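For reference, the structure is listed below as structure tokens.
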Amino acid sequence: MSKIDQFDAVVIGAGISGMYQLHRLRGLGLSARVFETGDGVGGTWYWNRYPGARFDSESYSYGYSFSKEILDEWNWTEHFSPQPENERYLNFVADKLDLKKDIQFNSKVVAARYLDEQNLWEVEIEGGQRVRARFLITAIGILSAHQFPRIEGMDSFKGQSWHTARWPKEPVDLRGKRVGVIGTGATGVQVIQEVAKIAGQLTVFQLDPNWCSPLNNSAITEAEQTEIHAGYPAIFDACRKSFGGFVHDFDQRPFFEVPQAEREAFFERQYQGRGFGIWLGNFMDTLTDPRANAEISAFMAGKIRARVKDPKVAEMLIPKDHGFGTKRVPMETRYYEVYNQDNVTLVDLNATPIERITPQGIKIGDKEHALDYIIYATGFDAVTGAFKRIDIQGKGGTKLADKWKDGPETYLGMQVAGFPNLFMLVGPHNGATFCNIPRCIEQNVEWVSDCIAHMQKQDLQRIETTETAEAAWTNHVYETTQGLLFSGVRSWFVGSNTPGKKATFLVYAGGRPSYRQNCEAVVAKGYEGFVTSSSISFPESTDPIHLYR
Ligand code: NA7
């Protein structure tokens, strides 16, 4: 007879969303268990510990906003905080809220099956452990399923190699070594500019370049610290109202009604300013009007040409396949200057692709680049990838992976028809997918928690969205992409960075305020688009119930 623990809720993932969800479930008096693959909290900030990893959001706009105590007690040291500090922060929060006692670490969820008759989810952990819960809440992130390229000979390499999302905890000494980095997305850029400082020889293997923009980071002074603490309500209010949940928001002035000299001066100010200002604080038209986009792209190309000494290398670093801002803009600190260093070489894989990885390094055409280390900064099977890696089965054994084979279908990016009592935090087509993520995570968690509280109050045991509501939401998501230049560009936003994945829009491009209003309207109309039922008994105890069979 095997014992199966039962909880009111099981949460998958102990990152920013899973941690806050656990806290809120406890607040409702519910029993909950979080399962986490890693041996610590932090999610993205636990796994991505590669050199140079840091926020691209202003630190003070990124932390949790729900607790004044947490805000008061934590001081960020830099405007864009580095990974070790971010991981420390999330541990500080976990300890402060005493979360770890309900988190089972080193526990990878491999399957979750809805049991129709019992109205319970049975969750299976790698190794065979099983638990059951009334509610299953996924908090698995949109960029957590890391992916390696498919290159012949990868296993034959005699040096060491890692994906950036699985960087070892033990220190790695790259000083004086021959290092190769594959990939020049937001991650590659962070790692390249850091490794270039210490490597003997750094070779960057680039497919398509990205438009990178200065982060303009600095330490937070004492005076700024005081200002930040006093300004938290205003900071979070600005994030609440802005399109992407950032302190930056689009300039709605019609681009061509602003004189060109004024536009140029505006670009220059944004380029010298902090963070995503040049992208998400720019004229909205730069992301919708090809002529406006061409102008900002030309401005950015000029910056690259001015910063990179060798004109041939500069041209290799200027994107030709997409305009500025139509893919995620990597934030940089002296990234372009790296290519002026004698110890750095840029290899254009579009000109000559990698032939194979050899025991000694990377072979391209006639040349073998000898390497001690290979760093794969090759990205993620974004948004739906982490779902695919769990065998999730809803009513009648329907597999989520099958249902989503042509692209995700969800309601509000939070529920799926045929999968009762399953809530997705930051699911596909959820407003949190294109957002300063903790800002939208808090909204997601609070919405789900309020929904469960509503069910408790009404003595409801099951909630499930309808196919009609799901189809309408999916349609709405696609409508929000109309006229946006990035809908036609190859990137993880549309899943086209993953071989074999059907290209469909994975994120919600309607903006944070619109997403929140949609969620609020659903509640105001009595959870419109959901069907609830009270026919199945709810666990009475708030303590875990042990079922035997
Ligand atoms: P990205 O943005 O998906 O970047 C991955 C990079 O890896 C990108 O430059 C790719 O080139 C490159 N890549 C992928 N496959 C290959 C192969 N086979 N050969 C060579 N190069 C390859 O991932 P990141 O981790 O940088 O960033 C993901 C998000 O994390 C980011 O948007 C932030 O929100 C945080 P390509 O673009 O396909 O030409």
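What you see below is based on every heavy atom in this structure, not just the backbone, and it leaves out hydrogens, waters and symmetry mates. Values in this document were obtained by computation on a predicted structure and should not be read as measured data. For ligands, and for the atoms within them, numbers begin at 1 and follow the listed sequence.
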Practice problem: Specify the protein heavy atom at minimum distance from atom 11 (O) of ligand 1: its residue, its atom name, and the distance to 0.1 Å. | Solution: Leu207 CB, 3.7 Å
Self-check item: Residue, atom name and distance, where the atom is the protein heavy atom closest to atom 10 (C) of ligand 1
Solution: Gly183 CA, 4.7 Å
Quiz item: Does Phe205 come within less than 4.0 Å of ligand 1, judged by its heavy atoms?
Solution: no
Self-check item: Nearest protein heavy atom with distance in Å, relative to atom 5 (C) of ligand 1
Solution: Ala377 O, 3.4 Å
Exercise. If you have a sec, work out which protein heavy atom is nearest atom 2 (O) of ligand 1 and how many Å separate them, to one decimal?
Key: Gly185 CA, 3.9 Å
Quiz item: Looking only at distance, does Ala186 have an N or O less than 3.5 Å from an N or O of ligand 1?
Solution: yes
Quiz prompt | Protein non-hydrogen atom below 4.0 angstrom of atom 17 (C) of ligand 1 present | solution = yes
Quiz item: Hey, does Thr184 come in under 3.5 Å of ligand 1, counting only N/O atoms on both sides?
Solution: yes
Quiz item: Nearest protein heavy atom to atom 36 (P) of ligand 1, by residue and atom, and its distance?
Solution: Arg490 NH2, 3.4 Å
Practice problem: Can you label the angle between the Trp211 ring and the His322 ring as parallel, tilted or perpendicular, going by 30° and 60°? | Solution: perpendicular
Exercise. Could you see which bit of Pro330 sits under 4.0 Å from ligand 1, with heavy atoms only: side chain, backbone, both or neither?
Key: neither
Quiz item: Do the rings of His146 and His163 sit parallel, tilted or perpendicular, given the 30° and 60° boundaries?
Solution: perpendicular
Quiz prompt | Closest candidate by heavy atom, reference atom 39 (O) of ligand 1, pool Asp208, Ile182, Ile142 | solution = Asp208
Quiz item: Do NZ/NE/NH1/NH2 and the carboxylate oxygens of Lys158 and Asp372 come within less than 4.0 Å?
Solution: no
Exercise. Evaluate the ring planes of Phe55 and Trp45, with Trp represented by its six-membered ring, and classify them as parallel (under 30°), tilted (30 to 60°) or perpendicular (over 60°).
Key: perpendicular
Self-check item: Among Phe486, Phe505, Tyr508, the one residue meeting ring-ring contact (aromatic ring centres under 6.0 Å, His included) with Phe493
Solution: Phe486
Quiz item: Parallel under 30°, tilted from 30 to 60°, perpendicular over 60°: which one fits the rings of Trp404 and Phe387?
Solution: perpendicular
Quiz item: At what distance is the nearest protein heavy atom to atom 34 (O) of ligand 1, and which residue and atom is it?
Solution: Arg328 NE, 3.1 Å
Practice problem: Measure the acute angle between the ring planes of Phe92 and Tyr89, then classify it against the limits of 30° and 60° as parallel, tilted or perpendicular. | Solution: tilted
Quiz item: Looking at the rings of Phe66 and Tyr20, which for Trp means the six-membered one, are their centres under 6.0 Å apart?
Solution: yes
Exercise. For ligand 1, indicate whether the residue Thr187 contacts it via side chain, backbone, both or neither (heavy-atom separation under 4.0 Å).
Key: both
Quiz item: At the 4.0 Å heavy-atom cut-off, does Lys327 count as touching ligand 1?
Solution: yes
Practice problem: Measure from NZ or CZ of Lys108 to the centre of the six-membered ring of Phe35 and say whether it is under 6.0 Å with the direction within 45° of the ring axis. | Solution: no
Quiz item: For ligand 1, is any non-hydrogen atom under 4.0 Å from Leu349's backbone (N, CA, C, O), its side chain (CB onward), both, or neither?
Solution: side chain
Quiz prompt | Cationic N near anionic O, under 4.0 Å, Asp310 to Lys312 | solution = no
Quiz item: Nearest protein heavy atom to atom 29 (C) of ligand 1, by residue and atom, and its distance?
Solution: Leu143 CD1, 3.5 Å
Quiz prompt | Which residue and heavy atom of the protein sit nearest atom 13 (N) of ligand 1, plus the separation | solution = Thr378 CG2, 3.9 Å
Quiz prompt | Selection from Ser491, Gly379, Ser496, Ala165 by shortest heavy-atom distance to atom 3 (O) of ligand 1 | solution = Gly379
Quiz item: On the ring face of Trp492, is Arg328 found with NZ or CZ under 6.0 Å from the centre and within 45° of the axis?
Solution: no
